[in-house]
Protein chains: 4
Amino acid sequence: MSGRQLAGPRRRRPIQRRAQQTIDAILDGTVKVLKRAGGGGITTNRIAAAAGVSVGSLYQYFPDKRAIFAALHDRHVEQASRRIEAALVAHADAPLDGLVRALMEALMEAHASDPELYALLDRELPQGGAAARMLHERLRGALRLALAARPAKPGRDLEATLFVVAHMLDALAHGAILNRPPHLSLRAAREEALMAVTHYLQT
Amino acid sequence: MSGRQLAGPRRRRPIQRRAQQTIDAILDGTVKVLKRAGGGGITTNRIAAAAGVSVGSLYQYFPDKRAIFAALHDRHVEQASRRIEAALVAHADAPLDGLVRALMEALMEAHASDPELYALLDRELPQGGAAARMLHERLRGALRLALAARPAKPGRDLEATLFVVAHMLDALAHGAILNRPPHLSLRAAREEALMAVTHYLQT
Amino acid sequence: MSGRQLAGPRRRRPIQRRAQQTIDAILDGTVKVLKRAGGGGITTNRIAAAAGVSVGSLYQYFPDKRAIFAALHDRHVEQASRRIEAALVAHADAPLDGLVRALMEALMEAHASDPELYALLDRELPQGGAAARMLHERLRGALRLALAARPAKPGRDLEATLFVVAHMLDALAHGAILNRPPHLSLRAAREEALMAVTHYLQT
Amino acid sequence: MSGRQLAGPRRRRPIQRRAQQTIDAILDGTVKVLKRAGGGGITTNRIAAAAGVSVGSLYQYFPDKRAIFAALHDRHVEQASRRIEAALVAHADAPLDGLVRALMEALMEAHASDPELYALLDRELPQGGAAARMLHERLRGALRLALAARPAKPGRDLEATLFVVAHMLDALAHGAILNRPPHLSLRAAREEALMAVTHYLQT
DNA sequence: CATGAATGAGTGTTCATTCAT
DNA sequence: AATGAATGAACACTCATTCAT
């Protein structure tokens, strides 16, 4: 992350690099405000202040407030998607069980990195569900590839299987991080969830 | 103040009946505005107008705007809870499979009655997730009763099972109504989901 | 105050008596609210509640909110005026010094009966100054009578004397009750004030 | 941040100058509305309009409506205080009579500059009395200094004298401007008032 | 490009007043 | 006469957005 960049194309397009830094600062500022003041306390001026830029600059990079939230959602979706695809690639030719476990772990890690933030993103921001739906689509796409590449059990409806597996992975990973009952460890939750998915797929 | 009142609920307070009518009108007005203008377009004045009452009356029954949303969530939770409990009672002594099917149907019906509304409640209103979480708790409670009343497979962790089943039912019912892929009928989605849950429980 | 009324015209115009009771209840309720919630917290509904009547009844007796305040001011002015006139009558043929003392005591008693209330009336209610001005007029009238009935020092302008004495009595009585510095007893303040007025008049 | 700024207040912040202009415009706007519409007609939007700024700007400089009134009171108190202190300084070593006259004139001028305004400030605005009380305190402080610096008559209570003189000056100056009876010139009122105070002090 | 003061439409909420019961 | 639910004009205040500097 550091030595490489100095060795490569030095100071190439510094403008765009600065722009990306400002964008990131704004998104991080949004997160800061979100955690500090909750969803009702988010204002563009506060975001700008927390990001260390002026409101004017904020509007240079985002057409309006919603766009900031959308970008924040996107950043999360992007991160999670990368994990999903990495799992997909790593287990391309391996048994399905391993892939399912890897996907479950990818989803959990995506939220576990900052559970508070993702809970807020979902609950406090309008359109919070959109990110979840988009991520769900990516997961479904990954699963479609994975299942299509393997011998299907006869008489099985791919769409139905996809529907069930994608929802199970999504809900169980999400729930394991954000909605786990007391007395149930994350590890136990994950193993039980994996068992459920695996058994279903083996049926 | 006299013996008469103890004799029975004769002449039920017309005041309270009217109040409840007004409250319902306000909640229905909120739904109307929500569908017409989206989550960003909800204002107390618009709600009052859609409900056919004055803003002043609205504030006679609700201390502030959030309370209206909370009541709307509650109404939904209450309706769904009643279905869940009815299913629980109806299958108290029946095999688990039947109960699971009944619960799944209850959850689906709860959202199917007005899918658009419940999607909006979840996505557009702040704190929208609260209703979903509360409903999840009710579902978990019902399942706990159901599982505790039946012979448990040895070596099984009740909490882990509860966690998985509750999330599966919730996510699959919700997804079947609101997030079903094209080319997959509601019926097919439900049967596949039920199969997944049932197989998991039989493990 | 009690025996007489029963002995006199019994149950005469009970309607008007009730009306006066209601009016008094409303004025007392206003005072209650004023003390409880301050000048900013006065609403007609609160006044009615504190008075134990309905808003509707309140409007039966007062055309609007301002009229309530006006009546409250009037009541105060009336009470104080009665004291002023009593002092005037009692000292009609006595030396001026005695009258001045009696007037000072009358003014002090008028505010001392409930200093908190009269401070609030002056400070928190709009038009509070009107009552003070009216009282000032009554005081000036009393003094005019008193001075006119006595031999004037030659070369003295009655209007100027009236102006000075009325303002002195008013300000010093008011100040002695509501604005007295610590370490100065009410008695000491009164005597000093009287000395100032008396000396001025003897000049 | 550099040595330059220490060299002197060159290039005084134009920002701060503009801010003060806006604040003054708002206060003047408040006065305009107060005179036009009375105390009951003052709204933040009207004030902003009369000041030639937007409501938003108004709230950039004042946290709420009360703060505007407070600032208006302060401005008045500040102006009057300056006059009082100037009188005090100018007559520091002169006879008491001259100081008393100067203080009386200072107080009269303070209100005479815009009698209507100060009558409104006192009568129409809630908490209007606060300014009067604060000014009274300043006056009392000035008198305390003045009396303490001069030989006291033996047997005289400083606090009592202060109480009487401060209230006399205050009430008579105020009354001469705002409550003077017809047929009494301002000059005559002032001279008579001064005579009363002077005689009292010589006792 | 950056700034942040200025904008003003729009919001939630209050409360004096009315009037059907 | 009394009631108190209903009314809705009006208010204080916010905040996304703009634009002169």
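Numbers restart at 1 for each chain; the letters A, B, ... are given by sequence-line order, proteins then strands. Predicted, not measured: the structure shown is a model, and the values here were computed from it.
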* Using a 4.5 Å cut-off on heavy atoms from C-beta on, say whether the side chain of C/I42 contacts that of C/F69. => yes

* Asked: Of all residues at least two apart in sequence or in a different chain, which pass the side chain to side chain contact (heavy atoms under 4.5 Å, CB included) check with C/D28?
  -> C/R75

* To do: Could you pick out which residue, C/V53 or B/Q60, lies toward the 5' side of DNA chain F when each is mapped onto its nearest nucleotide?
  => C/V53

* To do: Check the distance between F/dA2's P and C/Q21's CD and give it to me in whole angstrom.
  => 12 Å

* Determine yes or no for a side-chain-to-main-chain donor-acceptor pair under 3.5 angstrom, with A/T22 supplying the side chain and A/R18 the backbone. => yes

* To do: Send over the distance from C/L58 CG to F/dA5 P, rounded to a whole Å.
  => 16 Å

* To do: Applying side chain to side chain contact (heavy atoms under 4.5 Å, CB included), name anything that partners C/Q60, two or more places apart in sequence or on another chain.
  => none

* How would you list, by chain and number, every residue that makes a side-chain hydrogen bond (donor to acceptor under 3.5 Å, both in side chains) with C/N45, sequence neighbours excluded? -> none

* Asked: Think D/S54 has a side-chain N or O under 4.0 angstrom from the OP1 or OP2 of E/dT7?
  -> yes

* Sort by first number and list every stem of DNA chain F: at least 3 consecutive Watson-Crick or G-U wobble pairs, both distances under 3.5 Å. => E:2-21 with F:2-21

* To do: Check DNA chain F against residues 27-34 of chain C and give the residues with a non-hydrogen atom under 4.0 Å, in numerical order.
  => none

* Test side-chain hydrogen bond (donor to acceptor under 3.5 Å, both in side chains) applied to C/R36 - qualifying residues, sequence neighbours left out -> none

* To do: With sequence neighbours left out, write down each residue that passes side-chain hydrogen bond (donor to acceptor under 3.5 Å, both in side chains) with D/T43, or none if nothing qualifies.
  => none

* Asked: Tell me: CD of C/Q20 to P of F/dA1, nearest whole Å?
  -> 14 Å

* Between B/I68 (CD1) and E/dG12 (P), how many Å, whole number? -> 9 Å

* **Results of side chain to side chain contact (heavy atoms under 4.5 Å, CB included) for B/Y59 - residues two or more places apart only** => B/T44, B/V55

* Could you tell me which residues satisfy side chain to side chain contact (heavy atoms under 4.5 Å, CB included) with C/A131, sequence neighbours excluded, listed by chain and number? => C/H73, C/V77

* What string of B, S and - do you get for nucleotides 12-17 of chain F, 5' to 3', if B is base contact, S is sugar-phosphate-only contact and - is no contact with any protein heavy atom under 4.0 Å? -> BBBBBB

* salt bridge (charged side-chain N to carboxylate O under 4.0 Å, His left out) partners of D/D64, counting only residues at least two apart -> none

* Asked: Can you name the residues that form a ring pair (Phe, Tyr, Trp, His ring centres under 6.0 Å) with C/F62, not counting sequence neighbours?
  -> none

* Select one nucleotide: of E/dA2, E/dA5, F/dG8, the one nearest the side-chain heavy atoms of A/Y61. => E/dA2

* Asked: Taking atom C1' of F/dT7 as reference, at what distance in whole Å does atom CD1 of B/I26 sit?
  -> 13 Å

